[in-house]
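Shown next, in C-alpha cells, is the structure this report addresses.
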Amino acid sequence: MPAADTGMDEAGFEADLQLVETAARQAGALALTFFGKDPEAWFKGKGNVAPVSEADLAVDKLLTEQLRAARPGYGWLSEETADDRSRLDHERVFIVDPIDGTRAFLAGGDEWTISIAVVEHGRPVAGAVFCPVREEMFLARKGGGAWLNGSRISVSGQRGIEGATLTGPHSIVANEDVLSAGLVATQILRSLAYRLAIVAAGRVDVGAARGGPSDWDLAAADLLVQEAGGKLIDLTGRNLIYNRVRTGHPALIAVPEVLAGPMCDALRPLIG
C-alpha cells in the first residue's frame, strides 16, 4: 500500500499544470509533423477496431520521457503504453492520451487533441486538453478554475432539458428518443476529450458518451468540466474515479450542475 500522503497544495497543482501544459504543446508540435502526411497506421489487435499510428507512438514516447523524468515519483497510465500496475501504488499518476481522436487525426479532421492529467487519490488535480490544429489550449487545476487560451471559461447557463444542445457519438445525437426528450443535436466530434472540453467552455450544453471510455479519454477533461462549474458523471450521478485496476467507465454525461439530475433521469433509459 502507498504511504500516507496529505496531498499537494495549490502551488503543487500549479507547478504540475505548468508542466503538463508545456508537455502538451510540445506533443502537439510533434503530432503536427505527421498530420496530413499519411502516417503509418494499423489496428491495435484482434477484435480491436481502434486505430493507432506511428504518430500516436511518437507522441507517447515524447510524453513518457518528459513527464516521467520531471516527476519520477508519479505513476503512469497511457493509452499507448503497456499498463504497469505499479501505478496503483502511487498517490499521483499521469494519465495520458497521446492523440485523442486518432480517427479524426488520420482523416485530416481538426478536432483531435493531446490529453494529459495528473490524478491524485483517484481524482484529477491538473489537466491540459490541447487541440493543435484549432490552436486551443484548455487548462484546469484543482481550485483554480478552467481556462481556454488564457481566458476563464464556464459551462452554459442552460437550466432545462428542452432546447439543451447535445454533442456525442452518432448513435446518441441521431437517436430519435434522445431528440424527442427535447435535446438538440450538434456536431459529432471524434475526440471525446474535446467533446467534453467544449461543454466546459459553454459552447454546448451537454456532452454524452456510451459505455466504454477509458481513464485517458476522460481525466483531463473531467477537471475542466468540474472547474467550469459542471459535472462529468455516470448516469447514476456518481463522479468518476481514476487509476483503478480497470480503466473503463460506463455511459456518462458532462453537464452544468443544475442539469445533472434531470439529464441523468432523461438519458439513463436511452443510453445507459
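Every value quoted in this text rests on a predicted model; they were computed, and no experiment measured them. Any value given below was found using the heavy atoms of this structure, including those in side chains, with hydrogens, waters and symmetry copies removed.
The distance from the NZ atom of Lys61 to the CD atom of Gln66 is 10.5 Å, given to the nearest 0.5 Å. For the atom pair Trp216 CH2 and Leu77 CG, the distance stands at 5.5 Å (nearest 0.5 Å). Rounding to the nearest 0.5 angstrom, the gap separating the CD atom in Glu135 from the CG atom in Asn149 is 8.5 Å. Ser191 contributes atom OG, which lies 11.0 Å from atom CG of Asp110 (distance to the nearest 0.5 angstrom). Atom SG in Cys264 sits 5.5 Å away from atom CG in Leu235 (nearest 0.5 Å).
Across all non-hydrogen atoms, the minimal contact from Val93 to Trp76 is CG1-N, 3.7 Å. Across all non-hydrogen atoms, the minimal contact from Pro124 to Leu223 is O-CD1, 3.4 Å. Nearest approach of Ala128 to Ala24, heavy atoms of both residues: CB-CB, 4.2 Å. Of all heavy-atom pairs between Pro51 and Leu106, the closest is CB-CD1, 4.1 Å. Nearest heavy atom pair, residue Ala197 against residue Leu224, reads CB-CD1, 4.0 Å. The minimum heavy-atom distance between Val173 and Gly168, with the atom names listed, is CG1-N, 3.3 Å.
Not a single side chain to side chain contact (heavy atoms under 4.5 Å, CB included) links Ala29 to another residue, sequence neighbours left out. For Ala126, the side chain to side chain contact (heavy atoms under 4.5 Å, CB included) test picks out Asp16, Leu17, Val118, with sequence neighbours left out. Take Phe34 and apply the ring pair (Phe, Tyr, Trp, His ring centres under 6.0 Å) test, not counting sequence neighbours, and it matches no residue. For Asp56, the side chain to side chain contact (heavy atoms under 4.5 Å, CB included) test picks out Val52, Ser53, Glu80, Ile99, Thr102, with sequence neighbours left out.
Proximity of Leu218 to Leu196: side-chain heavy atoms (C-beta onward) are separated by under 4.5 Å at one or more points. When side chains are defined from C-beta on, Met8 counts as touching Arg92, because their heavy atoms get closer than 4.5 Å. Looking at Thr113 and Phe130, their side chains never come closer than 4.5 Å, going by heavy atoms from C-beta outward. At least one side-chain heavy atom of Arg85 sits less than 4.5 Å from a side-chain heavy atom of Leu88.
A donor-acceptor pair is defined here as one N or O able to donate and one able to accept, closer than 3.5 Å; no such pair exists between the side chain of Ser115 and the backbone of Val129. Remark: side-chain polar atoms of Glu91 are not paired, donor with acceptor, to backbone N or O of Glu120 under 3.5 angstrom. Using modelled atom types, no side-chain atom of Asn239 and backbone atom of Lys231 make a donor-acceptor pair closer than 3.5 Å. Remark: the backbone N or O of Leu240 is paired with a side-chain donor or acceptor of Arg123 at under 3.5 angstrom. Judged purely by atom type and a 3.5 angstrom limit, Thr33 uses its side chain to pair as donor or acceptor with the backbone of Leu30. Thr186 places a side-chain N or O within donor-acceptor distance of the main-chain N or O of Leu166, the cut-off being under 3.5 Å. Formation of a donor-acceptor pair under 3.5 Å by the Asp217 side chain with backbone atoms of Ser214 is found in this model.
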Expected list for residues 137-147: side-chain donor-acceptor pairs under 3.5 angstrom, two or more places apart:
unit_1 : atom_1 : unit_2 : atom_2 : d
Arg141 : NE     : Glu14  : OE1    : 2.7
Trp147 : NE1    : Gly144 : O      : 2.9

Only distances under 3.5 Å count here; give the side-chain donor-acceptor pairs of residues 202-212 to other protein atoms, sequence neighbours excluded, each with its distance to 0.1 Å.
unit_1 : atom_1 : unit_2 : atom_2 : d
Arg203 : NH1    : Glu136 : OE2    : 3.3
Arg203 : NH1    : Tyr194 : OH     : 3.1
Arg203 : NH2    : Glu136 : OE2    : 2.8
Asp205 : OD1    : Ser156 : OG     : 2.6
Asp205 : OD2    : Thr165 : N      : 2.8
Asp205 : OD2    : Thr165 : OG1    : 3.1
Arg210 : NE     : Ser171 : OG     : 3.0
Arg210 : NH2    : Ser171 : O      : 3.4

Sequence neighbours left out, cut at 3.5 Å: what donor-acceptor pairs do the side chains of residues 249-259 make with other protein atoms?
unit_1 : atom_1 : unit_2 : atom_2 : d
His249 : NE2    : Asp215 : OD1    : 2.6

(request) Go through the steps to decide whether Gln226 and Leu232 satisfy the test side-chain contact (heavy atoms from CB on, under 4.5 Å), and finish with yes or no. (result) CA-CA 7 Å; Gln226 175 182 304; Leu232 178 64; over 6 Å; no
(message) What verdict does the side-chain contact (heavy atoms from CB on, under 4.5 Å) test give for Phe94 and Val119, after you've listed the backbone C-alpha separation in whole Å, the side-chain angles of each residue and the deciding distance to 0.1 Å?
(response) CA-CA 6 Å; Phe94 289 113; Val119 165; over 6 Å; no
(request) Take Arg87 and Asn243, measure what side-chain hydrogen bond (donor to acceptor under 3.5 Å, both in side chains) needs, and give me the verdict at the end. (result) CA-CA 7 Å; Arg87 62 182 170 81; Asn243 193 37; 2.7 Å; yes
(message) For a side-chain contact (heavy atoms from CB on, under 4.5 Å) check, start with the C-alpha distance between Leu32 and Val133, then their side-chain angles and the critical distance, and finish with the verdict.
(response) CA-CA 8 Å; Leu32 286 172; Val133 180; 4.0 Å; yes
(request) Could you walk me through whether Ile271 and Asn175 pass side-chain contact (heavy atoms from CB on, under 4.5 Å), step by step? (result) CA-CA 9 Å; Ile271 68 170; Asn175 184 300; 5.6 Å; no
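In this structure, Arg68 is not positioned above the aromatic face of Tyr74 in the sense of NZ or CZ being under 6.0 Å from the six-membered ring centre and within 45° of the axis.
Under a cut-off of 6.0 angstrom, the local environment of CG in Asp38 is sparse, with at most 12 non-hydrogen atoms contributed by other residues, nucleotides or ligands. A 6.0 Å sphere centred on NZ of Lys44 holds more than 12 heavy atoms belonging to other residues, nucleotides or ligands.
Among residue pairs with one or both ends in residues 234-248, those qualifying as salt bridge (charged side-chain N to carboxylate O under 4.0 Å, His left out) are Asp234-Arg238; sequence neighbours excluded. Within the structure, no pair that satisfies the salt bridge (charged side-chain N to carboxylate O under 4.0 Å, His left out) test touches residues 155-183, not counting sequence neighbours. Under the salt bridge (charged side-chain N to carboxylate O under 4.0 Å, His left out) criterion, the residue pairs touching residues 186-198 are Glu111-Arg190, with sequence neighbours excluded. Among residue pairs with one or both ends in residues 263-272, those qualifying as salt bridge (charged side-chain N to carboxylate O under 4.0 Å, His left out) are Asp265-Arg268; sequence neighbours excluded.
Under the 4.5 angstrom side-chain criterion for Ile, Leu, Val, Met, Phe, Trp and Tyr, Val49 has no cluster partners at all.
Aromatic ring orientation, Phe105 versus Trp112: perpendicular (interplanar angle above 60°, classes split at 30° and 60°).
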